[in-house]
**Q** 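Here it is: the structure, laid out below.
Chain identifiers are assigned alphabetically (A, B, ...) following the order of the sequence lines, protein sequences preceding nucleic acid strands; residue numbering begins at 1 within each chain.
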2 protein chains.
Amino acid sequence: MTSIHSPSYPTVVNPGSPIADRPTVLAEFVVGVDNVIFSVDTLENRLLVLLVNRRQDPFAGYWSLPGTLVRQGESLEAAAYRTLSEKIRVKNLYLEQLYTFGGPDRDPRESSTAYGTRYLSVSYFALVRYEDAELICPPESGTTPQRIRWFSMEQIPDLAFDHRRIVQYGQRRLCSKLEYSPVAFEVLPDTFTLNDLYQLYSTVLGENFSDYSNFRARLLKLGILQDTGEKITRGAGRPASLYRFDPDAFAPLKDKPLLFV
Amino acid sequence: MTSIHSPSYPTVVNPGSPIADRPTVLAEFVVGVDNVIFSVDTLENRLLVLLVNRRQDPFAGYWSLPGTLVRQGESLEAAAYRTLSEKIRVKNLYLEQLYTFGGPDRDPRESSTAYGTRYLSVSYFALVRYEDAELICPPESGTTPQRIRWFSMEQIPDLAFDHRRIVQYGQRRLCSKLEYSPVAFEVLPDTFTLNDLYQLYSTVLGENFSDYSNFRARLLKLGILQDTGEKITRGAGRPASLYRFDPDAFAPLKDKPLLFV
DNA sequence: TCAAAAGTGTTATTCTTACACCCATGA
DNA sequence: TCATGGGTGTAAGAATAACACTTTTGA
């Protein structure tokens, strides 16, 4: 992220012991987890991100990433899963740590108390299957305004805190994940057509990432897809073969510099 | 990092408000920064990592990554730079955030206090130029044992905490950084020979990453190296041309899926 | 004049790209 | 019988990998 030439370091008068040596100068932290939860609506070719509407200050009324503070005895990853499970029910998902945003002044609550607590956000990146992602606070809850919903990446509103930056960072990660790893299969149904896969890729990576026929040839040559023999008809047109991802065939390719694009 | 199918989420009885709703169940955190500082000794073809010997418990006497606790008003990145500058003086360096390790039970100090403070480590990855990296606690300091030194990646001792894991994670990052980005030039002298560059790559990536002649052809074809016209003679043999990295020529290639291998 | 270090060239093979074209089905 | 969605083929050019080879220097 950062690259410097000839930096001028701050002079350290007393490096001292890192543990409780000068406890008054240490920052006090509250650690939260924020999730960038992506999904792909392949029917409408939209890349979606899940946002929640804040009820409290700061940023009451703003949309933000679903997050939580980490509890005693809870790992960061567990906190990420918990937040996710509080907002959405899914069968398949992929989750990994994204980045840690912890500079001072990223949360207005810090400035309210002099020498106040620092809010550190460990962000997680998730990809869920849109078809079976069930929002726990549904859109139709009487007259109260919608508190959780999917936003298309094209129409993300102003977000609370530095969450817009986190979303952008997440999108970059999503693109490279698709290119270098088989995440897509975590999020597709068990069996899928090559067109389903292609739609997923082109929705995330943009229209001009590859020609369908070349994409098809490359994927089949990799040998990581089993043809189930079954076919599916969707509207008019020739029925499509249903494939299944073969983890055993993929295993030896793991960590190899293979491209799905 | 994690991929699950049909996970069973913990039941959340009262999700509540994330802010200070049930303050007693929130974990209290001390946030530290640990640096994985790599360097390459091209003369001896060794990939090196900087370790410090701990004086206090826990893990007194063990080698560990140089780290520090984050101070008031200090960003995570600033803390990483500070730690680095306390141990080593360098002219050129590359630094970026690596990963955040924050599960409970990663630090024995947690268990000593019931419901104790959690130790969270935001790790940073750095690459410095070996030739002008000057250790601040030099090897020859009387009879006291050496407190900071470079270790070859092949002979890393048992490390404190989960630092071995962090080092391994850092090494993976180093390899992909070399392959996909021009970090190498941050750490080479201003002018260098193609062999210098090749040595750096093969030391980090292993002997069989590429043939010298093919490496050479690819790098020159990229057009990001300026031939300075100067030559340098090293021992017997034909003098080598000195090249300089051209950031302007590289700029348009940024974010392109280019490979240096 | 030889070995070391640097640099060039060659060739077979594979990959990529941009297409054109054929097949099976419902309306 | 035609539009639609699915699937196959191909040919030019680029990239890759494994080499052999030449050039320039110090000893």
**Q** B/Ser121 and side chain to side chain contact (heavy atoms under 4.5 Å, CB included): which single residue from B/Ile166, B/Thr100, B/Val33 fits?
**A** B/Ile166

**Q** Using a cut-off of 4.0 Å between protein heavy atoms and nucleotide atoms, how would you tag nucleotides 19-27 of chain D 5' to 3' with B, S and -?
**A** B---BBBS-

**Q** How would you list all residue pairs meeting salt bridge (charged side-chain N to carboxylate O under 4.0 Å, His left out) that involve residues 240-252 of chain A, not counting sequence neighbours?
**A** A/Asp190-A/Arg244

**Q** Distance check needed: D/dT4 P versus A/Tyr212 OH, whole Å only.
**A**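 Nearest whole value for this atom pair: 17 Å.
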
**Q** Taking the side chain as every heavy atom from C-beta outward, state whether B/Arg234 and B/Asp196 have any atom pair closer than 4.5 Å.
**A**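 Side chain of B/Arg234 against side chain of B/Asp196, heavy atoms only: contact under 4.5 Å found.
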
**Q** What is the separation between atom CZ on B/Arg216 and atom P on D/dA17, rounded to the nearest whole Å?
**A** 18 Å

**Q** Please name all residues satisfying salt bridge (charged side-chain N to carboxylate O under 4.0 Å, His left out) with A/Glu134, sequence neighbours left out, ordered by chain then number.
**A** A/Arg89

**Q** Without decimals, in angstroms, what is the distance between A/Leu219 CG and D/dT8 C1'?
**A**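 The distance from CG of A/Leu219 to C1' of D/dT8 comes to 16 Å, rounded to the nearest Å.
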
**Q** For A/Asn53, which residues count as a side-chain hydrogen bond (donor to acceptor under 3.5 Å, both in side chains) partner, sequence neighbours excluded?
**A** none

**Q** Just the rounded figure in Å: distance from P of D/dG5 to CG of A/Asp196.
**A**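 Taking CG of A/Asp196 and P of D/dG5, I get 13 Å after rounding.
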
**Q** Check nucleotides 12-15 of chain D for protein N or O atoms closer than 3.5 Å to its own N or O atoms and list the pairs.
**A**
none

**Q** Would you verify whether the NZ or CZ of B/Arg149 falls within 45 degrees of the ring axis of B/Phe151 while also being under 6.0 Å from that six-membered ring's centre?
**A**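 The answer is yes, since B/Arg149 meets both limits relative to B/Phe151.
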
**Q** Using 30° and 60° as the class limits, which term best fits the ring planes of B/Phe245 and B/Phe250: parallel, tilted or perpendicular?
**A**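 Geometry flag for B/Phe250 against B/Phe245: tilted rings.
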
**Q** Taking CG from B/Asp227 and C1' from C/dA6, how many angstroms apart are they, rounded to a whole number?
**A**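 It is 13 Å, rounded to the nearest whole Å.
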
**Q** For side chain to side chain contact (heavy atoms under 4.5 Å, CB included), just list the numbers for B/Leu84 and B/Val90, CA-CA rounded to whole Å, side-chain angles, deciding distance to a tenth of an Å, and then say yes or no.
**A** CA-CA 9 Å; B/Leu84 211 140; B/Val90 283; 4.2 Å; yes

**Q** Would you mind reading off the distance between B/Tyr243 atom OH and C/dA6 atom P, rounded to a whole angstrom?
**A** 12 Å

**Q** Round to the nearest Å and state the distance from B/Tyr198 atom OH to C/dA6 atom C1'.
**A** 13 Å

**Q** If the helix axis at each end comes from five base pairs, how far does the helix from C/dT1-D/dA27 to C/dA27-D/dT1 deviate from straight, to 10°?
**A**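 Computed from the C1' atoms at both ends, the axes differ by 10°.
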
**Q** Among A/Lys177, A/Gln171, A/Arg172, which one satisfies side chain to side chain contact (heavy atoms under 4.5 Å, CB included) with A/Phe125?
**A**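 Checked A/Lys177, A/Gln171, A/Arg172 against A/Phe125; only one passes side chain to side chain contact (heavy atoms under 4.5 Å, CB included): A/Lys177.
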
**Q** Determine the interplanar angle of the B/Tyr201 and B/Phe215 rings, folded into 0 to 90°, and report it as parallel if under 30°, tilted if 30 to 60°, perpendicular if over 60°.
**A** tilted

**Q** Rounded to whole Å, how long is the line connecting atom CZ of A/Phe215 with atom P of C/dA18?
**A**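 Value for this atom pair: 16 Å.
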
**Q** Is any side-chain heavy atom of B/Leu127 closer than 4.5 Å to one of B/Glu186?
**A** no

